[in-house]
> 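I have a structure I would like to understand better, so I am pasting it below and will then ask my questions one at a time.
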Protein chains: 2
Amino acid sequence: MNPDISKIAALLSDSTRSTILLSLMDGSIHPVTELAHMAKVKPQTASFHLHKMLEVNLVRVEKHGRHRYYKLISSEVAKIIESMLVIAPEPTVNSLRDSREKSAIHFARTCYDHLAGYIGVQITNSLIQKGIITKENLNFEVTPKGLHFFENLGINVEEQQKKRRAFARCCLDWSERQHHLAGALGNALLERMLELKWITRMPKTRAIQVTSTGRTQLEKVFGWDTGTGPLSQKST
Amino acid sequence: MNPDISKIAALLSDSTRSTILLSLMDGSIHPVTELAHMAKVKPQTASFHLHKMLEVNLVRVEKHGRHRYYKLISSEVAKIIESMLVIAPEPTVNSLRDSREKSAIHFARTCYDHLAGYIGVQITNSLIQKGIITKENLNFEVTPKGLHFFENLGINVEEQQKKRRAFARCCLDWSERQHHLAGALGNALLERMLELKWITRMPKTRAIQVTSTGRTQLEKVFGWDTGTGPLSQKST
DNA sequence: TTCATATTTCGATGATAGTAGAACTATTAA
DNA sequence: TTAATAGTTCTACTATCATCGAAATATGAA
C-alpha cells in the first residue's frame with residue numbers, strides 16, 4: 001500500500017519522452033515541433049507523449065496563438081530527473097555532431113534553472129575557495145564577505161532567502177561528478193550572468209556559451225581561465 | 001547527448017519491480033522468495049526482475065547458503081525513489097486488508113534507513129519545537145541543547161557528523177506532506193529506538209509498530225500521545 | 001545418498017505501448 | 001476567401017516485455 005511510483009517512472013522510461021523532459025530541464029517553455037525535432041520523432045508522436053505527461057501532471061501547457069508551449073510543471077519533477085542523472089549511464093557517441101554537442105554540454109549547460117557542467121562546478125568551487133559561500137552538508141551558506149560579493153554583482157541575497165524554495169542547495173553534476181550551486185541563489189546567479197551577457201543560451205540545446213565579455217569577467221572575478229569554449233576543453 | 005535516464009526509469013516503471021524496490025527501501029536485505037511474495041508474483045518472475053536490476057546497478061546481492069539476499073545498492077537509488085514518492089498518486093484500496101496496511105504504513109514506517117509517517121513527522125516536529133534541532137533550508141542542525149538531548153538518548157552526534165553522508169537532511173514524507181528527519185542522524189535515531197525497543201519492525205512490510213514502552217517513553221520525552229496504534233489513527 | 005528448499009534459466013504466450021500515415025481543427029498571413 | 005502552418009485525433013502495424021510452467025542448479029537436511 002505504497003504510492004504508485006511505477007506510473008511516474010513509466011513516463012520517464014521511454015527514450016523519446018526522456019529526451020523531451022531533458023530539453024524541458026532548462027525550465028523554459030518549448031513548442032511541440034521543437035520538442036519533436038529534438039527527440040527525432042514526428043509531431044504526432046511528440047503530441048502523443050506530451051498528452052500523456054500532461055495527464056499525470058509532469059508538464060504544463062500554455063496556448064499562445066496556434067502554438068502550444070510546454071514546460072515542466074514543478075521543481076519536484078526536475079528533482080526526480082536530477083536524481084536519475086546521477087546514476088544514469090553516459091550515452092554512446094555516434095557522430096562528430098554528437099561528439100561536439102557532448103563537449104558543449106559538458107562544458108556548460110543549464111540544469112533546470114541554474115548553471116551546470118565544467119563552468120558551473122568551477123564557479124561553485126571558486127565561490128567556496130574565496131570564502132564567499134561555505135558548504136554545510138548538502139547546502140551552501142553565504143558568508144558576510146559573500147554578501148558584499150553578491151551585492152557588487154547585483155544580486156540581493158536576502159531577497160533570494162525569502163523565496164519559498166531551497167535557498168542554496170547542492171546539486172550533483174552528472175558530468176563533473178561534483179556538486180554545483182542550485183536553489184534560489186543558483187538561479188539568481190544564472191539569470192544575472194545572462195543579463196550581464198557573460199553567457200548566452202545556445203539554440204536547440206541546454207548548452208551555454210561563454211561570451212568574450214564573460215571570459216574576461218570570469219577570469220577577473222574568479223581568477224581562472226575558462227578556455228576558448230567547449231571545443232578547447234579536454235573531454236574527460 | 002544527455003545521460004540515458006530512460007534506462008533507469010524503465011526499471012522503475014514496472015509495478016512488480018517498483019513494489020520490490022519499495023520493499024527494499026527499508027535499507028535491509030531480503031531473500032528472493034520474500035520479495036516475490038510481496039509483489040504477488042512467482043519466484044521465477046521476481047528473479048527475472050532482480051537480475052535486470054542487478055545489471056543496471058540498482059541492487060546488490062549477498063549469497064548466504066542457498067539464499068540470495070538482495071538490497072538497494074546505494075542511497076542515490078533511494079533518493080530517486082524518494083523523489084518519485086513526492087508526486088506519485090496514492091494507490092487504490094481494494095480490501096479491508098489493504099486498508100489496514102495503508103493505515104499502518106501511514107502511521108509509522110521506515111523510509112530507507114530512517115523513520116517516516118505520522119510518527120516520523122511528529123518526532124521531527126517535536127525536536128524542532130523543543131529547540132533540539134533547527135531547520136535550515138533543507139537541512140537540520142543540532143542546537144547545543146540538542147547535543148545533551150541526543151547524548152542522554154545514547155546517540156553520539158559528533159560520530160554521526162563524521163560519517164561520509166548527509167548529516168541531517170529533510171526528507172519529504174509522502175503521506176504527511178511534510179518533512180521528517182533523514183540522513184545519518186535520522187538513521188541513528190531509528191536504530192536507537194529499535195535498540196531501546198520503543199518500536200519494532202512489522203514482518204512483511206516497512207510498517208513500524210510503537211511498543212507500550214515506546215508509547216510511555218515518547219509521551220515522556222516529547223509530551224504527546226501516540227494513540228494506541230495505527231488502527232486508532234484517523235485516516236487522512 | 002536421497003529428499004527438500006531456494007533460486008535461476010529457458011521457452012511459449014499474451015498484453016501493452018510507441019510509431020507514423022491520413023484526416024481533422026485552429027490560427028495566421030495574403 | 002484561400003493557402004500555409006501548428007497541433008491533435010484516429011487507426012493500424014509492429015516490437016518489446018512481463019508472466020509462468022517446466023526443467024536445471026545449488027545448497028542444506030536426513
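When reading the values below, keep in mind they use all heavy atoms of this one structure, side chains included, and skip hydrogens, waters and symmetry mates. Letters go in sequence order (proteins before strands), and every chain restarts at 1. What you see is a predicted model; the values in this text were computed from it and never measured.
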> What is the ring orientation for B/H106 with B/W174, classed by angle as parallel under 30°, tilted 30 to 60°, or perpendicular over 60°?
perpendicular
> Just call it for B/Y69: base, sugar-phosphate, or nothing, with non-hydrogen atoms closer than 4.0 Å on any strand.
nothing
> Quick one: do the B/S47 and B/R68 side chains pair a donor with an acceptor below 3.5 Å?
no
> Nearest to the side chain of B/T16 - D/dT19, C/dG18, D/dT8?
D/dT19
> Does any non-hydrogen side-chain atom of B/R192 lie less than 4.5 Å from one of B/L189?
no
> Assess, by modelled atom type and distance only, whether the side chains of B/H180 and B/D173 contain a donor and an acceptor separated by less than 3.5 Å.
yes
> Taking the side chain of B/H67 as heavy atoms from C-beta outward, which of C/dA6, D/dT9, C/dT19 is closest to it?
C/dA6
> Using heavy atoms to find the nearest nucleotide of DNA chain C for A/T45 and B/T33 separately, return the residue whose nucleotide is more 5′.
B/T33
> Closest approach to the side chain of B/S47, judged atom by atom: which nucleotide of D/dT8, D/dT19, C/dT8 is it?
C/dT8
> Answer whether the closest heavy-atom distance between the side chains of B/I8 and B/V56 falls below 4.5 Å.
yes
> Without decimals, in angstroms, what is the distance between B/K40 NZ and D/dC20 P?
13 Å
> For C/dA17, does either OP1 or OP2 sit under 4.0 Å from a side-chain N or O belonging to A/K52?
no
> Under the salt bridge (Lys or Arg N to Asp or Glu O under 4.0 Å) rule, collect the residues that match up with B/D26, sequence neighbours excluded.
none
> Rounded to whole angstroms, how far apart are NE2 on A/H51 and P on C/dT19?
16 Å
> Which residues pass the side-chain contact (heavy atoms from CB on, under 4.5 Å) test with B/P43, not counting sequence neighbours?
none
> Using a 4.0 Å heavy-atom cut-off to protein, can you give one letter per nucleotide of nucleotides 21-27 of chain C, 5' to 3': B if the base is in contact, S if only the sugar-phosphate is, - if neither?
BB----B
> Expressed in angstrom and rounded to an integer, what is the separation of B/I20 atom CD1 from D/dT19 atom C1'?
13 Å
> What is the separation between atom CZ on A/F48 and atom P on D/dT14, rounded to the nearest whole Å?
18 Å
> For A/H64 and A/D14, take the nucleotide of DNA chain C holding the closest heavy atom to each; which residue's nucleotide lies nearer the 5' end?
A/D14
> Could you tell me the separation between the NE2 atom of B/H30 and the P atom of C/dT7, rounded to a whole number of Å?
13 Å
> Look at the side-chain N and O atoms of B/Y70 and state whether any lies under 4.0 Å from the OP1 or OP2 oxygen of C/dA6.
no
